[in-house]
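Inspection log for the structure reproduced underneath, given as structure tokens.
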Amino acid sequence: MDFNFKEIEQKWRERWEKDEVYKTDMHDFSKPKFYALDMIPYPSGEGLHVGHPIGYISNDIVSRMKRMQGYNVLHPMGFDSFGLPAEQYAIKTGNHPGSFTDHNIETFTRQLKSMGFSYDWSKEIRTHDPRFYHWTQWIFEQLYKDGYAEHKPKYVNWCEGLGTVLANDEIVDGKSERGGFPVEKRLMKQWTLNIPAYAEKLLSGLDNIPEWPNSTKEGQRNWIGKSIGAEVEFKVENSDYTFRVFTTRADTLFGATYCVLCPEHDLVKKITTLEQKNAVDEYVSACAKKTDMERSELNDNKTGVFIGAYCINPVNNARLPIWIGDYVLMYGTGAVMAVPAHDQRDYLFSKAHNLPIIRVVEGGDLEKEAYTGDGKHINSGILDGLNNDEAKEKIIDWLQKRGLGCKKVNYKLREWLFSRQRYWGEPIPVVFLDDGETVLDENLPLILPVMDDYKAKNGEPPLNNATEWKNVVINGKHGVRETSTMPGTAATAWYYMRFIDPHNDEMLADPELLKHWMPVDLYIGGAEHTVGHLLYARFWNQYLFDKGISPVNEPFKKLVHPGMLLGENGEKMSKSKGNVINPDDVIAQYGADVLRVYEMFMGPITEAKPWNTQNIEGSKRFINRVWSIYINDNKIQDAENKNLEKLYHKTVAKVTQDYENLSFNTAISQMMIFINAVQKESVFPREYACGFIKLLSPLAPFISAEIWQQVFDANSLIDYQSWPTFDVDLAKDDEIEIPVQINSKIKARIMISVGENRESVLNKAREAVGINEADKEIYIENKIVNFIKR
RNA sequence: GCCGAAGUGGCGGAAUUGGCAGACGCAAGGGACUUAAAAUCCCUCGGGAGCAAUCCCGUACCGGUUCGAGUCCGGUCUUCGGCACCA
């Protein structure tokens with residue numbers, strides 16, 4: 001007989017909410033703490049899809065187990081509720097984006113509750129709530145006061161389609177991540193945060209978080225992009241101008257045949273000769289119009305223009321022509337020395353523009369390509385005969401002694417572009433006074449004004465139209481507010497601290513509580529945040545740690561990325577492909593417990609895997625089987641059953657360990673094995689029945705709560721029971737069957753027991769395979785040795 | 001191109017430190033119950049040979065180490081994810 005899961009689920013949802021079962025007492029320090037955090041979702045209009053819950057279910061299982069193991073667990077949820085779709089909706093409908101957002105949050109909340117997550121909803125965060133963004137603004141002000149926030153002209157990624165600037169991590173293949181609009185370089189005055197000042201700390205900090213995926217740490221290392229090399233100064237011929245180049249191959253200085261500046265380099269205007277001026281101007285303006293997409297498409301076709309001027313190679317006084325080319329980026333010094341013999345880009349450029357190639361390292365075939373490997377140096381004066389590393393050291397030393405260059409470390413990590421020309425974000429609490437002074441508005445929170453029209457006009461941010469809000473008198477002086485807002489990644493760079501003390505209006509969070517609850521013990525969310533959110537969060541935490549506000553230098557102890565859930569056809573789920581599964585439909589048909597079991601049983605959570613509606617049947621059968629064993633069959637008795645003893649202890653051991661390791665598919669497999677075995681028995685000892693339902697409860701909380709009440713104790717909740725224990729010895733076998741192999745072929749099988757001596761095992765083996773084989777050497781694997789010794 | 005992860009039946013996937021490959025589940029086939037169906041229960045289920053006990057092959061491909069390799073080493077191919085002119 002099936003059971004009415006709808007009734008049961010509703011009953012327990014109401015009970016959990018009414019009794020505040022999952023509310024965390026933050027001041028209870030008597031128990032060890034466990035902070036389990038999900039990356040909070042953006043409340044989109046579409047609602048949750050079945051991919052979201054994979055991470056949420058995993059974290060919920062761990063949270064529920066930890067509670068039963070005696071931890072004080074913080075398991076909160078919130079919404080990253082500022083963002084573009086709400087703003088676009090507002091423009092279209094004229095409604096306030098807040099109402100759209102609130103409506104979506106309601107849908108998300110209903111969906112999350114329907115899945116039985118044990119969140120402490122009293123600590124919910126909405127990043128668009130002024131009581132929250134008060135402190136986002138406050139952190140910005142601290143950064144400003146400490147000199148980490150600057151307002152200055154910068155070449156930025158301007159997206160005409162969205163009417164705003166974008167950060168590097170918001171651009172995919174030269175187009176905006178949202179909307180797919182083209183992006184171009186523009187010089188604009190923008191707010192930036194000096195994250196490069198933290199490059200070294202963010203890099204070395206990665207060594208202190210062993211429980212992060214390797215791929216994520218590597219991704220951040222590459223994004224930070226540390227390279228060690230040298231800066232070398234070149235004089236411009238017949239002038240007082242000099243420029244510096246950054247190189248990781250100072251050993252090839254004697255092979256430099258020209259230099260290239262990036263088109264935006266300051267010196268270009270100053271040293272271009274009259275004859276070349278037209279060609280240079282044309283090239284520079286053509287580059288400015290190119291989108292990132294167009295620039296990267298050019299890959300092998302290296303364009304450039306000679307600017308007419310020459311510079312002097314400091315090591316041999318060679319006269320080198322100066323070119324500009326857009327393959328040189330505004331990275332490092334924005335200028336490179338070109339060594340076509342030993343750098344492939346320079347090689348291609350020199351071929352395209354007929355520039356000379358001078359070999360200074362032996363090896364490779366310069367007819368085909370540049371040689372970048374190690375080798376003996378030639379044509380290099382004092383470096384002749386040395387290999388790459390020796391030559392680098394010697395030449396840098398030589399340059400340093402003459403003041404012509406020095407050792408230098410460079411990072412690819414750029415400043416964090418912190419302003420967006422959007423309405424639906426945190427206002428930046430800065431006022432530009434009429435007298436030219438820039439001051440902070442310390443009267444926080446600075447509330448985002450309600451407007452009649454959210455459309456941007458004349459390329460200015462929408463807030464520019466909020467005349468009343470914009471014009472202020474501060475310290476008796478008139479000024480105008482900053483009308484850009486903060487990027488979406490601002491709130492999520494620190495929200496994990498706010499969950500610890502979400503209603504505090506005096507400060508970001510109580511230091512005593514932060515000290516007890518930080519860091520996050522288990523953080524689950526998508527791998528797409530590797531170089532965006534996760535790096536910004538580490539940056540703000542590190543900054544706040546240095547200020548004594550955050551008690552830890554790394555905010556997330558263990559990090560797990562759920563794999564992508566693909567559609568039934570193996571493709572990415574998307575509306576346009578029509579393969580999206582709505583969790584509401586699955587819950588209506590099968591119930592939340594079955595959805596949870598199925599999503600966890602599909603495979604390892606970190607792997608991408610396709611949805612398969614047919615496979616849900618297996619999870620449904622398992623849940624039904626559990627129900628009928630506990631409720632319909634009459635086999636739970638205060639009695640013993642030796643047949644189940646070992647399996648029970650094994651199951652407790654394996655499930656506990658697997659939950660801890662987030663290996664839910666194998667935990668479920670073990671529980672299925674146990675339930676299948678129970679089904680074959682006529683007596684299900686009460687002790688085992690009680691223990692098993694506790695194991696099941698983090699995974700399938702509704703049915704477990706109901707069974708607990710009906711079968712074990714109507715007056716208590718399963719959530720308050722302690723986690724089952726197991727007997728280590730009983731969880732192990734006393735007797736196992738092992739194969740006897742000769743030349744790696746299995747010849748016989750024998751049974752061996754714990755405590756059996758080595759000679760007896762050998763005799764059995766000899767006997768089993770026959771006397772002729774007996775004098776051959778017999779290996780006993782360690783596993784067996786350990787087994788009989790036990 | 002660089003970095004990272006992975007490749008096991010018809011399918012999703014198991015397999016502590018190298019030690020019985022394919023746990024568990026889905027699908028499929030057969031059977032029981034039923035007037036019938038659903039549900040449930042039982043059996044079979046990597047490929048090949050054989051009446052059979054049994055034997056041979058098999059974890060992307062090629063080679064190596066080892067008594068023994070899905071697992072370790074070297075090379076190749078493929079897929080996915082990230083970065084991409086970073087000097």
Side-chain angles (χ1 to χ4, degrees), chain A residues 1-2 168-169 172-174 213-223 225-227 229-230 245-250 252 260 262 295-302 325-339 342-346 348-349 372 410-414 527-528 530-531 561 563-564 566 570 572 597-598 601-604 606-619 621-622 624-625 628 657 663 665-673 675-676 679-680 736-746 749 776-784 786:
Chain A
M1 190 186 78
D2 270 13
N168 287 341
D169 64 277
V172 179
D173 289 334
N214 221 354
S215 56
T216 310
K217 288 193 278 189
E218 273 308 304
Q220 292 207 351
R221 280 189 193 108
N222 292 338
W223 190 262
K226 181 178 184 172
S227 59
V245 303
F246 174 72
T247 176
T248 55
R249 290 298 304 276
T252 61
V260 188
C262 71
R295 248 173 117 143
S296 61
E297 267 170 8
L298 294 172
N299 247 331
D300 275 3
N301 178 20
K302 304 257 177 291
D326 70 352
Y327 83 97
V328 175
L329 308 174
M330 291 168 290
Y331 163 75
T333 60
V336 301
M337 61 172 203
V339 184
H342 306 294
D343 181 284
Q344 187 60 20
R345 293 154 305 187
D346 298 343
L348 292 171
F349 191 86
T372 55
N410 251 333
Y411 300 93
K412 286 188 212 171
L413 187 64
R414 315 290 174 87
E528 67 274 18
T530 296
V531 294
H561 303 304
M564 199 186 306
L566 306 169
K572 211 170 159 173
V597 172
Y598 173 60
F601 188 54
M602 290 176 85
T606 52
E607 302 294 316
K609 45 208 171 278
W611 182 268
N612 185 324
T613 301
Q614 225 166 27
N615 281 358
I616 303 177
E617 288 299 324
S619 303
R621 278 175 207 152
F622 170 62
N624 283 347
R625 209 166 285 174
S628 66
Q657 194 188 337
S663 178
N665 55 332
T666 52
I668 293 167
S669 155
Q670 183 66 34
M671 288 192 276
M672 286 172 167
I673 291 169
I675 280 300
N676 290 347
Q679 197 161 30
K680 291 185 176 68
I736 51 169
E737 190 190 57
I738 58 162
V740 182
Q741 302 178 14
I742 292 174
N743 291 333
S744 79
K745 297 271 190 273
I746 298 163
R749 291 164 201 282
K776 289 191 175 151
E777 199 179 345
I778 297 182
Y779 295 82
I780 298 189
E781 56 185 279
N782 288 338
K783 200 169 149 184
I784 295 167
N786 290 338

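Only a predicted model underlies this, so the values are computations on that prediction, with no experimental measurement involved.
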Given atom CH2 of A:Trp611 and atom P of B:G25, what is their separation to the nearest angstrom?
19 Å
Determine the contact category for A:Gln670: base if any of its heavy atoms lies under 4.0 Å from a base atom, sugar-phosphate if only primed atoms, P, OP1 or OP2 are that close, otherwise nothing.
nothing
Have a look at A:Asp346 and say if it touches a base, only the backbone sugar-phosphate, or nothing, with a 4.0 Å heavy-atom cut-off.
nothing
Can you say whether the rings of A:Tyr327 and A:Phe349 are parallel (under 30°), tilted (30 to 60°) or perpendicular (over 60°)?
tilted
Quickly work out the A:Ile668 CD1 to B:G13 C1' distance and round it to whole Å.
12 Å
C1' atoms of B:G46 and B:G81, separation to the nearest Å:
31 Å
Under 4.0 angstrom, heavy atoms only, what part of the nucleic acid is A:Lys412 near: base, sugar-phosphate, or nothing?
base
Work out which heavy atom in A:Val597 is nearest to a heavy atom in A:Ile668; give both atom names and the distance.
O-CD1, 3.6 Å
What is the distance, rounded to the nearest whole Å, between atom CE of A:Met672 and atom P of B:A14?
14 Å
Using a cut-off of strictly less than 4.0 Å, decide whether A:Gln344 has a side-chain nitrogen or oxygen near OP1 or OP2 of B:C85.
no
Judged by whether its glycosidic angle lies within 90° of 0, B:G46 is anti
Using the P atom in both, what is the distance from B:U54 to B:U79, to the nearest Å?
44 Å
Select one nucleotide: of B:G25, B:C83, B:C85, the one nearest the side-chain heavy atoms of A:Tyr327.
B:C85
Looking for any heavy atom pair under 4.0 Å, which part of the strands does A:Pro604 touch: base, sugar-phosphate only, or nothing?
sugar-phosphate
Please measure how far the C1' atom in B:A14 lies from the corresponding atom in B:C26, and state the result in whole Å.
15 Å
What is the nucleic acid contact for A:Thr530, judged by heavy atoms within less than 4.0 Å: base, sugar-phosphate only, or nothing?
nothing
It should be established whether A:Arg625 places a side-chain nitrogen or oxygen under 4.0 Å from OP1 or OP2 of nucleotide B:C41.
yes
If you only use heavy atoms from C-beta on, which nucleotide in B:C24, B:C26, B:C85 is closest to the side chain of A:Asn615?
B:C26
Measure from the side-chain heavy atoms of A:Lys302 and tell me the nearest of B:C24, B:G4, B:C85.
B:C85
Going from NZ on A:Lys680 to CD1 on A:Ile675, what distance comes out if it is rounded to the nearest 0.5 angstrom?
11.5 Å
Pair assignment for B:A32, Watson-Crick or G-U wobble, requiring both distances under 3.5 Å:
B:U40
For B:G4 and B:G9, measure between their C1' atoms and round to the nearest Å.
29 Å
Please tell me if the side chains of A:Arg249 and A:Asp343 come closer than 4.5 Å, counting only heavy atoms from C-beta onward.
no
For A:Ser669, report the nucleic acid contact type (base, sugar-phosphate, nothing); a contact means any heavy atom under 4.0 Å.
base
Rounded to whole angstroms, how far apart are CD1 on A:Ile616 and P on B:G25?
17 Å
Atom CG of A:Asn612 and atom P of B:G10: how far apart are they, to the nearest Å?
17 Å
Nearest-angstrom distance, C1' atom, B:G7 to B:C55:
30 Å
Begin from the C-alpha positions of A:Trp611 and A:Tyr598 and carry the test side chain to side chain contact (heavy atoms under 4.5 Å, CB included) through to its verdict.
CA-CA 10 Å; A:Trp611 182 268; A:Tyr598 173 60; 3.7 Å; yes
Toward the 5' end of RNA chain B, by each residue's nearest nucleotide, A:Met602 or A:Phe246:
A:Met602
Please find the pair of heavy atoms, one from A:Val328 and one from A:Val336, that lie closest to each other, and give the distance.
CG2-CG2, 3.7 Å
Scanning all shown strands, the Watson-Crick or wobble mate of B:C51 with both distances under 3.5 Å is none
Which of B:C83, B:A87, B:C41 is nearest the side chain of A:Gln679? It is B:C41
When the P atoms of B:G74 and B:C20 are considered, how many whole Å apart are they?
25 Å
With both distances under 3.5 Å as the test, what is the Watson-Crick or G-U wobble partner of B:G74?
B:C62
Taking atom P in both B:A69 and B:C61, compute the distance separating them and give it to the nearest angstrom.
15 Å
From B:G12, B:A87, B:G25, nucleotide with atom closest to A:Lys609 side chain:
B:G12
Validation row: A:Asp346, A:Lys302 side chains within 4.5 angstrom (heavy atoms)
no
Check the phosphate of B:A87 against A:Tyr331, side-chain N and O only, distance under 4.0 Å to OP1 or OP2. Yes or no?
yes
Quick one: label A:Arg221 by what it contacts on the DNA or RNA (base, sugar-phosphate, nothing), any heavy atom closer than 4.0 Å.
nothing
If you look at every heavy atom in A:Gln220 and A:Thr530, which pair is closest and at what distance?
NE2-O, 2.9 Å
Within the structure shown, what part of the strands sits under 4.0 Å from A:Asn665 by heavy-atom distance: base, sugar-phosphate, or nothing?
sugar-phosphate
Minimal heavy-atom distance between A:Met672 and A:Gly618, with the atoms involved, is CE-O, 4.3 Å
Under 3.5 Å on both distances, the Watson-Crick or G-U partner of B:C20:
none
Starting from P on B:C2, measure out to NZ on A:Lys226 and report it in whole angstrom.
24 Å
Looking at A:Arg621, I'd like to know whether one of its side-chain N or O atoms comes within less than 4.0 Å of OP1 or OP2 on B:A27.
yes
Separation of the C1' atoms in B:G12 and B:U16, to the nearest angstrom
24 Å
Using atom CD of A:Glu607 as one end and atom P of B:G13 as the other, report the distance to the nearest whole Å.
8 Å
Determine: side-chain N/O of A:Thr666 to OP1/OP2 of B:C24, distance under 4.0 Å, yes or no.
no
Could you check which of B:A84, B:A5, B:A23 has an atom nearest any side-chain atom of A:Trp223?
B:A84
Length of the line joining A:Met564:CE and B:G4:P, which is rounded to integer Å:
20 Å
Identify the nucleotide, in any strand shown, that forms a Watson-Crick or G-U wobble pair with B:C80, with both distances under 3.5 Å; if there is none, say none.
B:G4
Winner on side-chain proximity to A:Phe601, out of B:A87, B:G12, B:C85, is B:G12
Under a 3.5 Å limit for both distances, which nucleotide forms a Watson-Crick or G-U wobble pair with B:C85, could you say?
none
Of A:Lys680 and A:Glu617, the one whose closest nucleotide on RNA chain B sits nearer the 5' end is A:Glu617
